[in-house]
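What follows is a set of notes on a single structure, which appears directly below.
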Amino acid sequence: MARISRRDLLRAACAAGVGFVLPGIAHGAPGVAATPQWGRSLILVELDGGNDGLNTVIPYANIDYPNADIDYLAARPGLGITTNIHPVGISSGMPLTLNPVMTWAKTLFTAGELAIVLGVGMPNPNRSHFRGMDIWNTGSDSTTVLGSGWLTRVFTDPGAPALPATSVAHGALLSRSTSNPLLGGGLRVLAMKDGADFLSDSNGVIDPPSSSSNPALQHVLNVQHDVVVARGLLSNALTTTPTFTTPSWPTGGFGEQCLAVAQLIAAGISLPVYKISLSGFDHHSAQRDKHDDLLAQLARGLKGLRDALDEKGRFNDVLIMTYSEFGRRVEENDSGGTDHGTAAPHFVIGSTANIVGGALYGTQPRLDSASLDRGDLVHSTDYRKLYATAGSFLGFPTSTAIPGHTPISGLLR
Amino acid sequence: MFLNSDSNVKGKPNENFARELLELFTLGEGQVYTEDDVVAVAKCFTGYGLTNRQQWQFTQTKHETGPKTVLGTAIDNGVNGEKDGDDAIDTILAQNRCARFIVEKLWAEFIGGTPDGATVTSWAAAFKAGNYQIKPLLKTLFKSTWFTDTAQRGRMLRSPIDLHAGLYRSLGVEPTSYSSEVWQASQEDQHLLSPPNVRGWVGGLAWINAKSLLERRTHLQWMGNGVHNRVNPLLDGVLDQLVLAAPAYDTAALAATPPSWDPRRRIRTLLVDPAIHLR
């Protein structure tokens with residue numbers, strides 16, 4: 001089939017005056033996809049509990065900016081981190097470094113495969129775990145309650161194509177399945193531990209022949225049906241579970257989730273969305289060691305995912321993105337921890353073919369008291385811009401699903 | 001100490017307890033209270049703590065004195081600082097929203113579905129007027145047709161503990177291993193006595209997803225094989241009603257194993273019917 005250039009496509013689209021869907025662009029497409037790419041996957045990494053952004057991407061002082069850390073250290077006499085071995089750039093007059101434990105993340109940054117988006121948050125921020133995570137999962141304003149996941153609206157947009165018959169599902173949740181950006185809309189979403197586990201447990205499940213007027217029972221039947229359909233498609237792809245030679249995974253549940261996703265994608269099961277979770281970020285007390293441990297797991301897991309996918313030639317098809325219900329307060333509390341806050345940085349990881357990594361996006365929120373909102377950082381980047389960026393990578397428009405928010409400028413190639 | 005209350009001290013209020021008190025236990029997220037109220041309630045509770053022997057104690061020097069405004073009410077007990085916390089609670093309980101919130105929670109637990117607005121209002125008013133006594137409220141609830149109506153039965157999903165413990169109880173059989181039942185419940189997203197966060201379990205339809213359904217199914221098949229020869233044969237004729245809260249879904253499978261047959265086969269069929277997950 002003849003390669004169609006993006007310019008030809010756009011020219012033809014303008015001439016036709018209407019939107020139309022072409023077959024997917026061949027491998028090697030740039031980061032921004034003009035049409036839905038069923039071969040691509042978004043891997044969402046949920047940082048459960050509210051990640052302390054200020055000890056993740058940390059302001060420090062140097063010769064050129066000798067006072068850049070004054071506010072930070074004044075607010076965090078106990079929790080302040082002064083080791084700045086992973087510099088990533090300067091924003092708002094503050095040199096910034098990754099937390100010293102995030103060596104693997106710095107490696108990705110240097111390779112141009114990790115982008116840092118600063119000051120991600122929302123107007124009228126919400127500091128409740130449950131409401132906060134609902135906001136992030138539904139892509140709503142903080143004061144509006146939406147009943148559907150943001151990705152649900154993206155995939156059920158009237159202009160969006162239906163899931164191809166050969167696709168197993170719209171997404172898989174590897175953990176914390178109650179926190180679901182694909183909620184509602186009748187999408188097929190699988191909760192599973194990993195592919196092999198799913199196949200062995202689903203052996204013998206029958207496809208329910210009819211429906212029920214009882215909504216609770218109908219829910220059970222729907223899930224059962226989805227299991228049967230998914231099993232049929234998965235069992236072909238997963239006759240053997242892929243193994244990898246390159247990565248070293250962090251021990252524990254997060255590492256297992258990373259491995260499980262890598263196996264599924266390497267086996268050719270390219271669900272549009274995978275969601276994995278790392279829990280434990282709600283550090284109201286004794287934060288330092290626990291937080292460092294989580295960040296180290298995160299960095300190692302992301303690197304492992306990258307290496308595994310790259311080994312099988314699939315890293316070009318993937319965009320990895322962190323999110324969390326909120327950041328934490330600037331000032332430490334009296335228990336060596338921090339309370340719920342607002343804006344925080346997030347990471348976007350992808351191949352150099354797709355993203356302009358090794359760079360900062362957005363603006364670092366300032367820490368001087370005049371710049372804070374009742375002790376909290378003020379966001380510079382609406383969180384929905386991350387989602388618009390993800391939609392653009394997958395080739396699905398997001399202007400109806402999350403109106404008024406465009407992709408982060410310059411991040412995707 | 002619950003939600004960092006012992007670290008909530010003068011000059012450094014720790015808002016964790018105050019926030020969850022308002023959000024999860026009394027008023028509901030974003031209802032009636034503001035962020036300022038969270039901070040004010042935290043200040044009211046400064047100085048609350050425990051002795052080394054886990055006895056409650058109040059330390060005036062750790063308490064933030066001075067006026068606080070909670071939900072529009074001024075609170076300031078000066079040197080009797082521990083009364084600030086009591087007054088904060090009284091102020092919260094004086095909100096009609098608080099009574100409604102608790103009624104709605106009990107509705108969600110025992111009745112399910114969208115609560116009837118007028119009924120909730122009436123029960124909440126009586127609950128508040130009766131000084132928040134739980135027992136009369138529960139009595140009203142359990143005697144109401146909302147609860148007793150058979151059309152309401154089987155319209156909610158069983159939690160893992162409802163499923164496991166409920167089935168063993170209905171069948172009059174002891175599990176062979178309690179610890180493996182506990183482990184199994186955690187595989188089904190319910191770590192007993194250890195909810196994922198202070199809100200508890202989401203519950204409702206969230207109990208059943210692809211993973212939890214498969215886990216349940218595998219366990220129920222195993223359970224069926226294990227209990228079939230231990231169930232009292234006298235229960236034979238009533239097994240369906242004992243074990244299912246709503247009519248069985250797979251009527252064909254059940255018809256193939258009539259009650260008059262070997263009860264063992266009937267039990268195994270019942271336990272893998274999708275209706276087993278209903279309560």
Side-chain angles (χ1 to χ4, degrees), chain A residues 48-49 126-132 134 142-143 145 169 172-174 176-180 188-193 197-198 200-206 208-210 212 214-217 219-224 226-227 230-231 279 282 284-285 329 331-337 339-340 374, chain B residues 3-4 6-17 19-20 23-24 29-30 35-36 38-39 42 62 112-113 154-158 187 189 196-199 201-215 217-218 221 246-247 249-250 252-253 272 274-279:
Chain A
D48 167 37
N126 187 292
R127 296 170 185 75
S128 150
H129 288 298
F130 318 109
R131 178 71 192 121
D134 283 348
S142 69
T143 48
V145 177
L173 310 173
L174 280 291
R176 279 181 46 85
S177 46
T178 50
S179 171
N180 185 4
R188 191 178 313 134
V189 179
L190 300 175
M192 67 167 75
K193 179 173 170 291
D197 213 59
F198 178 82
S200 88
D201 285 348
S202 60
N203 196 8
V205 177
I206 55 141
S210 60
S212 165
N214 178 334
L217 182 58
H219 174 73
V220 179
L221 300 176
N222 289 342
V223 173
Q224 191 162 323
D226 285 351
V227 164
R231 177 190 170 72
S279 289
D282 191 26
H284 286 277
S285 63
R329 280 207 190 284
E331 199 173 303
E332 66 189 49
N333 63 28
D334 216 38
S335 337
D339 294 323
H340 303 178
R374 284 130 53 86
Chain B
L3 296 173
N4 307 112
D6 55 339
S7 311
N8 181 23
V9 296
K10 175 174 165 182
K12 288 247 175 221
N14 181 314
E15 296 162 8
N16 201 4
F17 174 69
R19 181 181 306 283
E20 309 304 9
E23 178 184 329
L24 301 174
E29 203 279 331
E35 284 295 317
D36 288 338
V38 173
V39 177
K62 288 190 180 172
R155 299 188 77 82
M156 292 195 279
L157 288 177
R158 299 208 212 208
Q187 296 301 104
D189 299 336
N197 49 53
V198 64
R199 175 167 73 167
W201 292 283
V202 173
L205 296 185
W207 284 126
I208 300 277
N209 57 49
K211 179 171 185 289
S212 68
L213 179 62
L214 292 176
E215 289 283 349
R217 202 177 154 276
T218 306
Q221 283 174 317
Y249 168 77
D250 195 352
V272 294
I276 197 75
H277 302 287
L278 303 172
R279 68 172 171 101

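Letters A, B, ... are given to chains in the order of the sequence lines, protein chains preceding strands, and every chain is numbered from 1.
- Neither the backbone nor the side chain of Q221(B) comes within contact range of chain A; no heavy atom of the residue lies under 4.5 Å from a heavy atom of that chain.
- Contacts between L278(B) and chain A at a heavy-atom distance below 4.5 Å involve the side chain alone, from C-beta outward.
- At a 4.5 Å heavy-atom cutoff, the contact between I208(B) and chain A is made by backbone and side-chain atoms alike.
- No hydrogens or angles considered: a donor-acceptor pair under 3.5 Å links the side chains of S128(A) and E23(B).
- In this structure, chain A has heavy atoms under 4.5 Å from both the backbone and the side chain of R155(B).
- Taking OH of Y249(B) as the start and CG of L217(A) as the end, the distance is 7.5 Å to the nearest 0.5 Å.
- Contact annotation for S212(A): neither backbone nor side-chain heavy atoms come within less than 4.5 Å of a heavy atom of chain B.
- From N222(A), atom CG reaches atom CG of L213(B) across 11.0 Å, with rounding to the nearest 0.5 Å.
- Contact annotation for R329(A): only side-chain heavy atoms (C-beta onward) come within less than 4.5 Å of a heavy atom of chain B.
- Heavy-atom distances place no part of S279(A) under 4.5 Å from chain B, backbone and side chain included.
- Put simply, CG on N209(B) and NE2 on H219(A) are 7.5 Å apart, with the number rounded to the nearest 0.5 Å.
- Salt-bridge check for D197(A) with K211(B): failed, with every basic side-chain N at 4.0 Å or more from each acidic carboxylate O.
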